[in-house]
Amino acid sequence: MDEIDRIDRACRVVRTILAELDAMCREGVSTAELDRHAEARCADFGARPAFKGYMGYPASLCVSINEQVVHGIPGPRRLESGDLVSIDFGVLLDGYYGDSAITCLVGDVSDVDRELSRVTRECLMKAIEQVRPGRRIGDVGRAVEEHATAHALGVVREFVGHGIGTRMHEEPQIPNYRTNRATPRIEAGNVLAIEPMITAGNPEVRVLSDGWTAVTKDGSKAAHWELVVAATADGPRVLGDPVAVDCGEERNSA
Ligand code: MF3
Ligand code: CO
């Protein structure tokens with residue numbers, strides 16, 4: 001089994017558990033319950049939660065609700081109807097990392113918020129289309145920015161995607177916007193975690209006093225979708241279970 005297959009296996013575990021968490025995202029569930037489920041299921045797969053202990057992060061999941069953009073810490077807060085909930089999760093399996101995020105809709109979510117999640121997922125899919133030998137990392141960011149901007153949405157600049165493999169965060173960094181600087185060329189075999197964070201309003205963020213939770217300064221809502229993709233001679237190969245890859249889609253497109 002080559003390295004890409006090993007990362008694929010780690011991503012499969014992540015996507016399988018994310019699909020379960022998506023189904024659990026209903027009114028009244030606490031974010032700590034989601035976290036406990038993820039951690040317990042990791043044990044079933046012989047995987048280790050990748051975020052727990054990373055730079056002192058205290059949990060297995062990042063659960064970011066509404067105006068929270070990323071790195072929300074699970075706790076006693078219970079989900080309410082109308083919440084837009086981004087869940088980011090990573091595991092280490094047999095020496096290789098998987099990392100993925102989905103945005104879940106709880107109960108009656110407004111059309112505007114549904115659209116925010118849908119367009120963010122579309123940004124991710126358009127970015128993935130660029131993961132081909134010969135393209136540049138900047139093409140990935142440009143694809144995200146163009147699609148978000150066409151829908152008058154904001155692109156968060158403080159957090160970026162990344163290479164992934166035997167470490168969770170490898171070179172290169174993958175901004176979700178175009179840059180004037182030259183960016184690395186993508187080669188066959190590169191494995192990239194692409195993760196657009198998109199806001200309904202101004203994309204500027206600040207970090208809460210817990211030292212982790214990033215929120216929009218203007219209080220506007222945010223969505224976050226992430227997948228790992230390998231560049232191959234035949235084009236982009238999305239890693240993780242293709243069935244679980246659809247998690248969140250049904251309710252998002254309802
Ligand atoms: N989810 C982030 C990423 O995709 C990493 C989380 S960092 C943690 O790169 F400390 F919160 F775990
Ligand atoms: Co990531």
Side-chain angles (χ1 to χ4, degrees), residues 4 7-8 10-15 17-18 21-22 31-32 34-36 38-39 42 47-65 68-75 77 85-93 96-104 120-121 123-125 127-128 131 137 140-141 144 155-177 190-198 205-215 222-231 236 238-240 244-245 247-248:
I4 289 178
I7 302 168
D8 179 63
C11 289
R12 247 163 234 269
V13 170
V14 171
R15 296 297 291 181
I17 296 172
L18 280 175
L21 295 168
D22 181 53
T31 57
L34 299 174
D35 194 64
R36 277 197 294 277
E39 193 160 337
C42 268
R48 202 176 83 194
F51 299 172
K52 200 164 188 171
Y54 179 83
M55 313 240 301
Y57 188 73
S60 296
L61 298 180
C62 297
V63 184
S64 309
I65 304 173
Q68 299 176 352
V69 176
V70 73
H71 300 162
I73 302 172
R77 178 167 176 178
V85 182
S86 301
I87 305 179
D88 191 349
F89 183 42
V91 306
L92 176 64
L93 179 72
Y96 288 83
Y97 283 91
D99 184 10
S100 179
I102 61 174
T103 296
C104 307
T120 304
R121 202 172 62 247
C123 286
L124 171 59
M125 299 326 284
I128 286 172
V131 179
I137 292 298
V140 174
V144 171
V155 175
V156 173
R157 302 176 78 91
E158 280 83 352
F159 302 100
V160 296
H162 48 94
I164 186 168
T166 55
R167 286 174 298 137
M168 181 162 67
H169 294 142
E170 299 186 353
E171 292 296 309
Q173 294 197 357
I174 310 172
N176 292 301
Y177 48 86
N190 288 169
V191 181
L192 307 176
I194 301 176
E195 46 181 321
M197 282 150 258
I198 304 296
V205 301
R206 66 187 173 89
V207 175
L208 298 185
S209 58
D210 63 17
W212 283 102
T213 313
V215 300
H224 180 201
W225 286 86
E226 175 180 19
L227 283 168
V228 172
V229 52
V238 177
L239 304 186
V245 164
C247 67

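Order of listing sets the numbers, starting from 1, for every ligand and every atom in it.
Partners of His224 according to the ring-ring contact (aromatic ring centres under 6.0 Å, His included) rule, which considers only residues two or more places apart in sequence or in another chain, do not exist here.
Residues with a heavy atom under 4.0 Å from ligand 1: Phe51, Tyr54, Tyr57, Cys62, His71, Asp88, Asp99, His162, His169, Glu195, Trp212, Glu226.
A 4.5 Å side-chain heavy-atom check between Asp99 and Asp88 finds at least one atom pair inside the cut-off.
In this structure, Ser60 and Phe51 approach most closely via the heavy-atom pair O-CD1, 3.7 Å. When all heavy atoms of Tyr96 and Ala10 are compared, the pair lying nearest together is O-CB, 3.5 Å. Of all heavy-atom pairs spanning Trp212 and Gly56, the tightest one is CZ2-C, 4.1 Å.
Protein N/O/S atoms closer than 2.8 Å to the Co ion (ligand 2): Asp99 OD2, His162 NE2, Glu195 OE2, Glu226 OE2.
A side-chain donor-acceptor contact under 3.5 Å links Thr31 to the backbone of Gly75. Listed for the Asp8 side chain is a donor-acceptor partner under 3.5 Å among the backbone atoms of Gly240.
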Acceptor/donor pairs from residues 168-175 side chains to any protein atom, 3.5 angstrom cut, sequence neighbours excluded:
from, atom 1, to, atom 2, distance (Å)
His169, ND1, Tyr54, OH, 2.7
Glu170, OE2, Thr166, N, 3.1
Glu170, OE2, Arg167, N, 3.0

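Within the model, atoms CD1 of Ile87 and CD of Glu226 stand 13.0 Å from one another, a figure rounded to the nearest 0.5 Å.
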